> 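Right, I'll just put the structure down here and ask away after.
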Amino acid sequence: MDTFALILTVGVALLFTYTNGFHDSANAIATSVSTRALTPRAALAMAAVMNLAGAFLGSGVAKTVSEGLIETPHGDSGMAILFAGLVGAVIWNLITWYFGLPSSSSHALFGGLVGAALAGGITVFWSGVLEKIVLPMFISPIIGLGLGYLVMCVIMWLFRKSNPHRAKRGFRIAQTISAAGMALGHGLQDAQKTMGVVVMALTIADVHRSDQIPVWVKIVCAMMLSLGTYAGGWRIMRTLGRRIIELDPPQGFAAETTAASVMYTASFMFHAPISTTHVITSAIMGVGATKRVSAVRWGVAKNIVLGWFITMPAAAVSAAVCYWLVLLFFG
């Protein structure tokens, strides 16, 4: 096995993790920044630290990515498949970041892996894709929307007699905790996805044969996610924090608490790699709808949802084209 190919593939995996960090950092902090509960730099620093911590909380999601979606490829062609899948995901991440569209880095990765696998002629476990990727892609936003609405209704009822100004000040403080929980869940989910891909690369290169994730892989993936998070994702932050609905501190707290709860449940109970983007965006919509349905800018929401649906196919096509180019130039 060409050592250079292994180093290049692992390097692209870490690049994907970095783009995931600055692409999805908005998910964890947009609501806190938009309600002025945290300053942007303080929010980014907090998110980076909590992403780093979250990466060490489990390995169930990583095993789903490395074992449950495609047949483990072998040899030089296998490394080319993995490389192409990662490049396809990075390309889509950069396109959606440029246009400020909060699409899912996770589904870009899954789409890239599936597209490259199909182009390379290896088996795709469609039952695993359906159960672990497609169904959660539909179910988690529905849960986020409904739960966000309910949580906000409970908050409105509990604080119906409170002084509005004092309540908002209290929720700004509470948002520091909910945003930290959100960032921890993001690290728990998204760092593990890259860990799973790196383990696949090491297995293909025949330098790793254990089911356990090496400690150095955890550390490097977690650090790259944190560095990417600290780089910021201002374009996407504006979309989540202000363009869907103008959030106030109680709404921001409700949305972050809802999203964090869904992510922890999916990670620890089902080992399902869900999208942080899908969950927080739908929670914001649900929270906003308690004010009045028309308060949510559904036109913006529609464009975001359309982006969700095209992410996997677009990343798959990008990865397939990349794989064919690798074959064309390197045989």
Side-chain angles (χ1 to χ4, degrees), residues 1-20 61-96 103-137 190 192-211 213 217 221 273 275 309-331:
M1 171 59 61
D2 189 348
T3 303
F4 175 75
L6 172 62
I7 294 173
L8 183 62
T9 302
V10 172
V12 176
L14 297 179
L15 174 63
F16 167 78
T17 308
Y18 184 83
T19 64
N20 187 343
V61 172
K63 290 181 179 179
T64 296
V65 173
S66 63
E67 301 172 3
L69 303 181
I70 64 174
E71 175 189 0
T72 302
H74 300 283
D76 291 340
S77 62
M79 195 66 77
I81 288 170
L82 201 56
F83 172 81
L86 289 163
V87 170
V90 169
I91 289 172
W92 186 248
N93 266 0
L94 293 175
I95 290 173
T96 51
S103 68
S104 168
S105 294
S106 304
H107 288 86
L109 175 61
F110 304 144
L113 290 176
V114 170
L118 291 174
I122 68 172
T123 302
V124 175
F125 301 134
W126 291 110
S127 60
V129 172
L130 177 65
E131 293 173 9
K132 298 294 186 180
I133 307 301
V134 177
L135 287 179
M137 184 175 74
D190 285 39
Q192 284 193 47
K193 293 161 189 169
T194 309
M195 291 176 198
V197 175
V198 172
V199 167
M200 286 180 69
L202 296 175
T203 302
I204 292 170
D206 201 27
V207 297
H208 178 74
R209 299 178 184 177
S210 170
D211 290 337
I213 301 171
V217 172
C221 289
S275 167
F309 284 104
I310 66 174
T311 288
M312 284 190 69
V317 170
S318 297
V321 171
C322 179
Y323 178 76
W324 291 324
L325 288 174
V326 170
L327 288 187
L328 179 64
F329 289 103
F330 300 100

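From a predicted model like this one, the values you see are computed outputs, not experimental measurements.
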> Could you report the tightest heavy-atom contact between Ser318 and Ile91, atom names first, then the distance?
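Shortest heavy-atom separation between Ser318 and Ile91 comes out as OG-CG2, 4.3 Å.
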
> Specify the closest pair of heavy atoms between Pro73 and Ile81, including all atoms of both residues, with the distance to one decimal.
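Scanning both residues, the minimum pair turns out to be CB-CD1, 4.5 Å.
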
> Quick one: pull up CH2 in Trp92 and OG1 in Thr96 and give me the separation to the nearest 0.5 Å.
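One finds 6.5 Å between CH2 of Trp92 and OG1 of Thr96.
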
> Go through the structure and list residues passing ring pair (Phe, Tyr, Trp, His ring centres under 6.0 Å) with Phe309, not counting sequence neighbours.
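Residues passing ring pair (Phe, Tyr, Trp, His ring centres under 6.0 Å) with Phe309: Phe138.
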
> Not counting sequence neighbours, which residues clear ring pair (Phe, Tyr, Trp, His ring centres under 6.0 Å) with Phe83? List them please.
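Counting only residues at least two positions away or on another chain, Phe83 forms no ring pair (Phe, Tyr, Trp, His ring centres under 6.0 Å).
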
> For the atom pair CG (Asp206) and CG (Leu6), what is the distance rounded to the nearest 0.5 Å?
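It comes to 11.0 Å.
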
> Taking only distance into account, with no hydrogens and no angle test, what donor-acceptor pairs under 3.5 Å do side-chain atoms of residues 10-17 form with protein atoms, sequence neighbours excluded?
residue : atom : partner : partner atom : Å
Thr17   : OG1  : Ala13   : O            : 2.9
Thr17   : OG1  : Thr194  : OG1          : 2.9

> Using 0.5 Å steps for rounding, measure from the CH2 atom of Trp126 to the CD1 atom of Ile70.
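Reported to 0.5 Å precision, the distance equals 11.0 Å.
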
> Working to the nearest 0.5 Å, report the span between OG of Ser103 and CE of Met312.
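Between atom OG of Ser103 and atom CE of Met312 there are 12.5 Å.
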
> On a heavy-atom basis, which atom in Val65 and which in Lys193 lie closest, and how many Å separate them?
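Reported closest heavy-atom pair: CG1-O, 3.7 Å.
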
> Looking only at non-hydrogen atoms, find the nearest pair between Gln192 and Val61 and report the distance.
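Taking every non-hydrogen atom into account, OE1-N, 3.1 Å.
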
> How long is the span from the SG atom in Cys322 to the CG atom in Leu86, to the nearest 0.5 Å?
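It is 9.5 Å, given to the nearest 0.5 Å.
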
> Would you call Val217 and His208 a side-chain contact if the rule is heavy atoms closer than 4.5 Å?
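Sidechains of His208 and Val217: no contact.
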
> Can you name the nearest heavy-atom pair linking Ala84 to Ala116, along with the distance?
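In terms of heavy atoms, the two residues are closest at CB-CB, 4.1 Å.
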
> Are Leu69 and Val114 packed together at the side-chain level, in the sense that at least one heavy-atom pair is separated by less than 4.5 angstrom?
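The answer is no; the side chains never approach within 4.5 Å.
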
> Find the distance between CG (Leu118) and CG (Leu113) and round it off to the nearest 0.5 Å.
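Taking CG in Leu118 and CG in Leu113, the distance rounds to 11.0 Å.
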
> Which heavy-atom pair separates Ser105 from Asn93 by the least distance, and what is that distance?
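Minimum heavy-atom contact is OG-OD1, 3.1 Å.
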
